[in-house]
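Below is one structure, written out as C-alpha cells; the observations come after it.
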Number of protein chains: 2
Amino acid sequence: MTEDIEVLIADDHPLFRNAISEALTNTQTLVHVSQADSLESTLQRLNEGNIDLVLLDLKMPGSEGLLGLIQIRNQFPEVAVAVVTANEAGRTLAQVKAAGALGYLPKSMALEDLVSALDGLLRGTPFYPEGLNQGVDSQDDVEAIRKLATLTPQQQRVLALIARGFLNKQIAYELDVKETTVKTHVSEIFRKLDIYNRTQAAMYNQYLEVPE
Amino acid sequence: MTEDIEVLIADDHPLFRNAISEALTNTQTLVHVSQADSLESTLQRLNEGNIDLVLLDLKMPGSEGLLGLIQIRNQFPEVAVAVVTANEAGRTLAQVKAAGALGYLPKSMALEDLVSALDGLLRGTPFYPEGLNQGVDSQDDVEAIRKLATLTPQQQRVLALIARGFLNKQIAYELDVKETTVKTHVSEIFRKLDIYNRTQAAMYNQYLEVPE
DNA sequence: ATTCGCCTCCTACGGAAGTAGGAGACGGGT
DNA sequence: ACCCGTCTCCTACTTCCGTAGGAGGCGAAT
C-alpha cells in the first residue's frame, strides 16, 4: 500500500496521542500514524496488518501493566513495540526490556529527546533511558507474566479474586456462575501457571498489580 | 542520673554508629550516647530506661523493615524514635511517618545537614526530608504492620512459608514440628490479623518483604 | 512459687479446596 | 460444515484447611 513506516499509537489519552503524533512528524522519516485507545483496539488494528512499530502505553483500559505488551509480543513477534509510560520505576523498565520491547519512553521526556528517540526507533535502534535503577528479578518476572498472558479473560478475573482471599463460593457469586465453574477455572489456572494451590496463585497475581 | 539527653544509636554498622556519634558531639546539646547492633539489644537497652531518643536503622538483624519501629513504639510510646536508613523510597518514608517516628534521616545526608537535623530532633522537632514521593496507602500499611508486629517469631516464620504457597504439611516439615502445631499457629495468625484464610495471610505478608 | 507467654501436640469434625472426567452451548475462523 | 477455544455445569472423590477445645512443657518475670 504505502512505503511509509506504519506506526500505531496505543494510548488512552487523546491529548497524548496527538503529542506523540506531532513528535513523529518532526522525525526524518516518513510515517503513517494509526491510533488506538485500548488493548482491544490495538490488537484489532494489528490484525489488519502492515504495522511496523507500536508505541504502547502500559496503562490502558483492557489490561493494566505488562500483560498487554506480552500479549502483543506473543501474537505479533515481528512487530516492534516501544513502551511509553508515566511510570518511571526501575523494576518496570527491566521487565519491559526483558519482555522484548524495543524501547522505553518516559512521558516526562523533553520533546526534542523524544523526537531523536523516535528517529532511532523508526530505524530499529533500541532506546532505553539511562539512570534508572535496574530491577533484579526481571527474568523470572517476565517468565511469570508470560504465563499470566496465557490466561483467558475469565480466568484472569478469577485469579484477581483469588488474590483478594475470596472463597470459590464468593468468586462464583461475584461472577454470577456456579461454584463448579469456578473450580474448573481454578484448576486450569494452576495448570497454566504451573502451581498447585491458590496461595501461590495470589502471589503470582502480584506481578500484574504492583507496577502501581 | 545524668542531665544529658540520652540517645541510643541502633545500627548494625559500627562505622556508622561512630559517624552518628561524632555528629552528635557537634550539636549544641549535651548528649550521652548508648549503642545497639540488633533489635534485641535495642529493646534490652530501652528496658533499662532513661532513653530519650532512639536513632534506628530499619535494616538490622532480628527484624527487617518496619517491624522493629512498630515494636519499639508499642512498648515504649514515650521514647522518641528517628529512623536512619539507606532506603530512600517514598513508600517507606510515609510508613515511617505514620508509624509515629519523629524523623527520617537518609544515610546520604551531608554531615552538616545531619547535625542540624539532630539538633532539631534533640529539641523534639520532627525532621523529614523534602522531595521524596509520598506513599499513598500509608495508613492502611501501618495498620497492617502493627498487626504483624503482634505475631510471635514462630508465627512469623509460619506466615512467611504460607506466603510461599506451602502446605501445612510442608511447613511442619520445614520447621520440624507436627502439622497440628502448624495448624494452631495458623489459626492464631488469622485471629491476630483479623482474616480468615491463608491466601489473605500471604497478601498480608507482602508488607514485610516488599520494602526491598 | 506462681503466673504468663510461647511452643508443642492431640482428637474430632465440618467445610473448602482441588482433581478427574464428561458434557452441552456459543462464536469465530478455515 | 467443521473445528477450536471459551465458558458453562455436573458428579464423585480425595485431600487439605480451619476451628474447637484441651493439655503439657519450658523459660522469664514478679
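Values in this document were obtained by computation on a predicted structure and should not be read as measured data. Lettering of chains follows the sequences in order, A, B, ..., and the numbering in each one begins at 1.
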Testing D:dG18, C:dA17, D:dC17 for proximity to the side chain of B:Glu179, the answer is D:dC17
Can you tell me how far apart CG (B:Asn168) and NZ (B:Lys178) are? Round to the nearest 0.5 Å. 14.5 Å
Flag the pair A:Leu105 / A:Val83 as yes when at least one side-chain heavy-atom distance between them is below 4.5 Å, and no otherwise. no
Figure out the OH/C1' separation between B:Tyr196 and C:dG15, and round it to whole Å. 14 Å
Within less than 4.0 Å of OP1 or OP2 of C:dA16, is there a side-chain N or O belonging to A:Lys169? yes
Tell me: NZ of B:Lys183 to C1' of C:dG14, nearest whole Å? 12 Å
Quick one: closest heavy-atom pair of A:Leu102 and A:Gly124, and the distance? CD1-O, 3.9 Å
Between P on C:dG18 and CD on A:Glu188, what's the gap in Å once rounded to a whole number? 15 Å
Would one find a side-chain N or O of B:Thr180 under 4.0 angstrom from OP1 or OP2 of C:dC10? yes
Separation of D:dC17 atom C1' from B:Gln170 atom CD, nearest Å, is 14 Å
Does C:dC7 have OP1 or OP2 under 4.0 Å away from a side-chain N or O of B:Thr181? no
Bending between helix ends of the helix from C:dA1-D:dT30 to C:dT30-D:dA1 [5 pairs per end, 10° resolution]: 40°
Under 4.0 angstrom between B:Ser187 side-chain N/O and D:dT19 OP1 or OP2: yes
Heavy-atom distance under 4.5 Å between the side chains of A:Val79 and A:Asp52, does that happen here? no
Starting from C1' on C:dG18, measure out to CZ on A:Arg198 and report it in whole angstrom. 9 Å
Distance in Å, A:Arg198 CZ paired with A:Ile162 CD1, rounded so as to fall on 0.5 Å steps: 4.5 Å
Counting any heavy atom closer than 4.0 Å, what does B:Lys178 reach on the DNA or RNA strands: base, sugar-phosphate only, or nothing? sugar-phosphate
Looking at the base of C:dC9, is there any donor atom on it, or on the side chain of B:Thr184, that sits under 3.5 Å from an acceptor on the other one? yes
Atom-to-atom span, CG of A:Leu151 to P of D:dT6 - whole angstrom: 10 Å
Lys NZ or Arg CZ of B:Lys97 over B:Tyr128 ring: under 6.0 Å, within 45°: yes
Taking atom P of D:dT6 as reference, at what distance in whole Å does atom CD1 of A:Ile189 sit? 13 Å
Residue pair B:Ala82 / B:Leu121: nearest heavy atoms and the distance that separates them: CB-CD1, 3.8 Å
Just N and O in the side chain of B:Gln154: are any of them under 4.0 Å from OP1 or OP2 of C:dT8? yes
What's the CG-C1' distance between A:Asn197 and D:dT14, to the nearest Å? 16 Å
Does B:Glu6 pair with B:Arg45 as a salt bridge, N-O distance under 4.0 Å? yes
Can a side chain N or O of B:His185 be found less than 4.0 Å away from OP1 or OP2 on C:dC6? no
Whichever of B:Arg157 and A:Arg191 has its nearest DNA chain C nucleotide further upstream toward 5': B:Arg157
Map B:Asp176 and B:Lys192 onto DNA chain C by nearest heavy atom, then report which one ends up closer to the 5' terminus. B:Lys192
OP1 or OP2 of C:dA17 sitting under 4.0 Å from any side-chain N/O of A:Asn168? yes
Can you see if the side chain of A:Thr152 gets near the phosphate of D:dC7 - specifically, an N or O under 4.0 Å from OP1 or OP2? yes
